[in-house]
Every structure is written in structure tokens, then in C-alpha cells.
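Computed over heavy atoms, backbone and side chain alike; hydrogens, waters and symmetry mates excluded. All ligand and atom numbering here is 1-based and tracks the order in the structure. Because the structure is predicted, anything quoted here is derived from the model rather than measured.
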Amino acid sequence: MQEGDVGGRRKVESECVHCRSEAVWGLEERVRLGYPAPEQEEEIGIGQPCQTKEQKEEGHTMPEQPQPLVGVVMGSKSDLEWGQQVGRYLQELGIPHELRILSAHRTPVEAANYAQSAAERGLAVIIAIAGLAAHLPGVLAAYTWLPVIGLPLAGGPLRGQDALYAMVQMPPGVPVATVGLDNPRNAAVLAAQILAVRHSDVRVRLQQWRREQTESVRLADRQLQQSSATAVPEPRP
Ligand code: RP5
């Protein structure tokens, strides 16, 4: 990330969390960096292009947005942090995605429309995140033939058991591929594995990511062996 002064204005160059393009003037990014959020800037909506009014006036053209392959859907704004975590893992794997808030209970028509149009819009996988009586992934799965991955959240008085069972106990014929409670990484990796069957670029990145994961465990073990070889044993109580 770089910061500089452009035409008397502060410019923040970074990578867009949505499209991974450079030179983003994003509200989220500015707020994160502690800058005031000027009113004339258009707020970056979830899943919206990151280009701002300022950039448009300067004739700044953003690279074409890659077609999202994964739809990350949250049941509530209160799930946003989890959706963003899934997004970060997908980004690590170079998978274009979009984030949406659609509720199976509060906006059922929008949720159904989203699932019904997902395949024709080019999505290949849907990740649905919800807590409590988490019907969202099941409802989306009912309206699409695309694979739906359910990410149950461990909130509420039942600590997520309700969400887990709601997702994993789907009736025969309409499965939801349910990952562990509060496990955004597995949701993203599973989506990558599904995509890797047909998308060789995703396959290459996934395999590289797996090699790195393996290496990090080997490294941790080597470090443990080295430290225990030099460690002075604690006296027994
Ligand atoms: C679910 O209920 C959502 O997915 C969320 O995890 C939970 C609580 O929602 P809010 O009351 O915070 O909107 O539908």
C-alpha cells in the first residue's frame, strides 16, 4: 500500500477488496487508515464497484471488474465481519466474488431472486452465512442447482447448535455443504476446491496454497524440535 499527495489531495493507493484493482479511493479504506470520509465521495457499497466520483471526474478508468464466481451471502448486517473474512480468503486464492446481505426471513423475495438468477449471472458457488435458525443456505439451495456452502455462526443462546443443525440437516435432495461453526476459511477453501475442477487458474493457486500450508506445519514442527532440544527441563513439582 502506498500513500502520496496528488494534486493537493491525499491519495491512498491500495488493493480493492472486491475487484483487487489498484488506486482505490475507497471510503472503507480511508476510514481504516484514519482519514476523514469526505461527503462527496460515494460510499463503497458491498459488492459495488470501488470507483469514486473523484476518480470519475479525473477520467480515471478502473480495470474491468472480474466476473464474480462465488456469491457470499449473509443473513444479516451483523454477519458482515464473517462475510468479509470469507472474502479475504477467497481473495488470497484469487477468486472473484461478491458480498450480499439477503435474509431468508426478512427479505425472502430478494433471497429467492438472487438464488434463481445466480447461475445465469455466472456464479458457480454460493456461500451462505447465518446464525440462529439459519435457513438461508437451505432456502438458497432450494432455488438453485449451484452448490451451496453453509457457514453456521456460533452466536445466540444455543451457541450455534441451532444454525449448525439447520444447515447440515437438510432434507434429502437439497444438500447444503456445511462447514464448521465460525470457520470462514473452510468455506472459502471448499468453494475453491469446487471451482478448481474446471478453473485451472484456481487449481494452481489452491495447490500452491496447500503446499504453503504444509510447509508452515513442517516449519512449526522443526522449530518445536529445535527449541525442545535446547530447552532446560522444568523441575518436577
Ligand atoms: C440470522 O440471525 C443472521 O444470519 C444472524 O446471524 C442472526 C441475527 O441477526 P440480527 O438479529 O443480528 O439481524 O438471521
Next item on the list: Taking the side chain as every heavy atom from C-beta outward, state whether Leu190 and Gln193 have any atom pair closer than 4.5 Å.
Entry: yes

Next item on the list: Have a look at ligand 1 and work out which part of Ala130, if any, has a heavy atom under 4.0 Å from it: side chain, backbone, both or neither.
Entry: both

Next item on the list: Count the heavy atoms belonging to other residues, nucleotides or ligands that lie under 6.0 Å from CZ of Arg211, then report whether that count exceeds 12.
Entry: yes

Margin query: Tell me whether Arg159 at atom CZ has more than 12 heavy atoms from other residues, nucleotides or ligands lying less than 6.0 Å away.
Written below: no

Margin query: I'd like to know if the side chain of Gln67 and the backbone of Arg121 have a donor-acceptor N/O pair within less than 3.5 Å.
Written below: yes

Item checked: Protein heavy-atom partner closest to atom 12 (O) of ligand 1 - residue, atom, separation in Å -> Ser78 OG, 2.6 Å

Note to self: Give me the residue, atom name and distance of the protein heavy atom closest to atom 6 (O) of ligand 1.
What the structure shows: Asp79 OD1, 2.7 Å

Notebook entry, point to check: Considering only heavy atoms, which of Leu136, Asp162, Leu132 lies nearest to atom 8 (C) of ligand 1?
Noted result: Leu132

Donor-acceptor contacts, no H, no angles, side chain residues 129-149, under 3.5 Å, sequence neighbours left out:
residue	atom	partner	partner atom	Å
His135	ND1	His105	NE2	2.8
His135	ND1	Ala133	O	3.4
Thr144	OG1	Leu146	N	3.0

Note to self: Give me the residue, atom name and distance of the protein heavy atom closest to atom 11 (O) of ligand 1.
What the structure shows: Arg106 NH2, 3.2 Å

Note to self: So for ligand 1, is His105 a polar contact partner (N or O within less than 3.5 Å, distance only)?
What the structure shows: no

Notebook entry, point to check: Relative to atom 9 (O) of ligand 1, which among Gly131, Ser76, Ala163 owns the nearest non-hydrogen atom?
Noted result: Ser76

Notebook entry, point to check: Does a side-chain heavy-atom distance below 4.5 Å link His199 with Leu69?
Noted result: yes

